[in-house]
Every structure is written in C-alpha cells, then in structure tokens.
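Step one of this worksheet: look at the structure below.
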Amino acid sequence: GAGVSQSPSNKVTEKGKDVELRCDPISGHTALYWYRQRLGQGLEFLIYFQGNSAPDKSGLPSDRFSAERTGESVSTLTIQRTQQEDSAVYLCASSLVAGKVTGELFFGEGSRLTVL
Amino acid sequence: GESVGLHLPTLSVQEGDNSIINCAYSNSASDYFIWYKQESGKGPQFIIDIRSNMDKRQGQRVTVLLNKTVKHLSLQIAATQPGDSAVYFCAENQAGTALIFGKGTTLSVSS
C-alpha cells in the first residue's frame with residue numbers, strides 16, 4: 001500500500017534483550033518521526049529526521065534508544081537491553097515537508113512492544 | 001453543545017450534540033497546529049490543521065479555533081456521531097522542529 005508501514009506489528013521480548021523496530025515511510029516524504037505511546041497515554045516524541053539535517057534526538061529517553069534513517073527511506077529504532085518500562089506502542093509517522101513548513105503527519109499502525 | 005475547560009481527559013456527549021475539545025499549548029513561537037483522532041488499536045489520523053496566521057479553519061463537521069493571545073486551541077465537532085468516539089490529540093510545532101503532542105481527550109458519544 002501507499003501508507004506508512006511498520007514491522008513487526010507485535011514484539012514480545014525478554015528483559016535485557018535488544019529489539020529493532022522498522023518503519024517504511026511514504027515514498028517522497030522527507031520527514032520521519034518516532035513516537036512512543038504507553039497504554040492509555042499520549043504520544044511521547046522520541047526522534048525526528050528531516051532530510052539531510054541532523055536528527056532531533058531530544059526525545060530519546062536514554063542512551064539505550066537509538067534510531068537511524070537511510071536517506072529518505074527506511075528508519076530503524078533500536079532499543080538495547082530492554083526494560084519493562086519500555087513496553088509501549090512505538091509509532092512512526094512521515095510527512096512531506098516543503099522547506100520549513102510542516103505538513104500533515106501520516107502514521108503507521110505502530111509496533112507493540114512487550115518486555116517480560 | 002457541551003464545552004470543556006482548559007483540558008479534561010474525558011468528554012461525554014449525546015449523539016447529535018456539538019462537541020468542543022480544548023487544548024492549551026506551551027510554545028508561543030509555535031506556528032502550526034494540528035488535531036488528530038485515534039481510535040482504539042490504531043495510529044492517529046489527521047483531522048484538521050491551522051497555521052498561526054489564521055484564527056479559524058473549517059472542515060467537514062469540524063472547526064478549529066486558534067487563540068494565540070492565550071495559547072489556546074479548540075476543536076469543534078458538529079452533530080457528533082457514535083463514530084466520532086475516540087481519543088483526540090492536539091499537536092504544535094515551530095517550523096523545522098518536531099511536532100509535539102498534547103494530552104489526549106477521550107470523546108465518548110452515546111446514542
């Protein structure tokens with residue numbers, strides 16, 4: 001389809017393991033965001049990629065969290081040594097940004113992470 | 001219709017009523033604002049947006065109002081329907097920066 005695709009849709013892991021979450025944005029979208037949403041809570045900003053600019057990592061909660069993006073395509077969010085408090089839905093969104101003008105964000109369905 | 005205060009986590013309305021969901025934003029430099037709807041188990045969906053050079057924008061059954069003086073944003077839904085039941089989030093940003101979401105409001109529509 002033409003939407004934002006995330007995988008896996010569900011991931012159950014043991015405490016201490018590393019996980020990788022993948023996001024395929026809409027083709028041509030220069031901006032890509034990762035958010036975390038704990039059960040019943042709002043969207044917590046994690047990281048923002050915009051074209052070739054340095055990513056805004058100000059939302060990453062600890063150095064166990066990192067993300068990469070290859071050009072204007074796929075992004076991977078990596079969580080090392082997972083903890084139970086990392087359990088949440090991780091949402092990816094992309095946006096077509098013209099210059100510095102923000103546009104609508106298109107969200108994926110999220111990756112639900114459960115850390116046992 | 002029913003109006004809520006600055007921010008309430010839940011709003012219950014009857015089908016056919018008008019709903020007003022409020023949001024206070026924090027950054028006076030923000031110049032873009034957007035409302036999202038999130039249904040259970042799904043990613044957020046765009047409803048309507050507004051830029052800081054406007055104070056009102058209308059869509060289909062929805063209206064967004066922006067009061068920059070008091071840093072307040074509201075979403076009005078006309079003739080609320082059961083399908084409007086969801087969590088509603090406002091978000092703000094300044095050009096070139098990340099879009100930051102506010103606390104959500106859960107709208108429950110009863111028939």
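Naming convention: chains lettered A, B, ... in sequence-line order (proteins, then strands); numbering from 1 in each chain.
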Using a 4.5 Å heavy-atom cutoff, which residues in residues 34-48 of chain B come close to chain A?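 Residues of residues 34-48 of chain B touching chain A at under 4.5 Å: B/Ile34, B/Tyr36, B/Gln38, B/Gly41, B/Lys42, B/Gly43, B/Pro44, B/Phe46.
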Please tell me if the side chains of B/Ile100 and A/Tyr35 come closer than 4.5 Å, counting only heavy atoms from C-beta onward.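 When only atoms from C-beta onward are counted, A/Tyr35 and B/Ile100 do not touch, as no gap falls below 4.5 Å.
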Would you call B/Phe101 and A/Phe45 a side-chain contact if the rule is heavy atoms closer than 4.5 Å?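 SC-SC contact between B/Phe101 and A/Phe45 ruled out.
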Examine whether an atom of A/Leu91 lies under 4.5 Å from a heavy atom of chain B, and if so say whether it belongs to the side chain, the backbone or both; otherwise answer neither.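 The side chain, not the backbone.
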So what's closer than 4.5 Å to chain B heavy atoms on A/Gln37: side chain, backbone, both or neither?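 Answer is side chain: those atoms of A/Gln37 sit under 4.5 Å from chain B.
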Any pair counted as side-chain hydrogen bond (donor to acceptor under 3.5 Å, both in side chains), so long as it reaches residues 59-76 of chain A, sequence neighbours left out: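 Residue pairs with at least one partner in residues 59-76 of chain A: A/Trp34-A/Ser75, A/Arg64-A/Asp86.
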Could you tell me whether A/Asn52 atom CG has more than 12 heavy atoms of other residues or ligands within 6.0 Å of it?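 It does not: A/Asn52 CG has 12 such atoms or fewer within range.
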B/Gln60, CD atom: more than 12 neighbouring heavy atoms under 6.0 Å: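 Check fails, neighbour count at 12 or below.
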Would you kindly confirm whether [X] and [Y] end up in one hydrophobic cluster when ILVMFWY residues are joined by side chain heavy atoms under 4.5 Å apart?
{"X": "B/Tyr25", "Y": "B/Met54", "answer": "yes"}
{"X": "B/Tyr32", "Y": "A/Leu43", "answer": "yes"}
{"X": "A/Ile47", "Y": "A/Phe106", "answer": "no"}
{"X": "B/Leu99", "Y": "A/Ile26", "answer": "no"}
{"X": "A/Phe49", "Y": "A/Tyr90", "answer": "yes"}

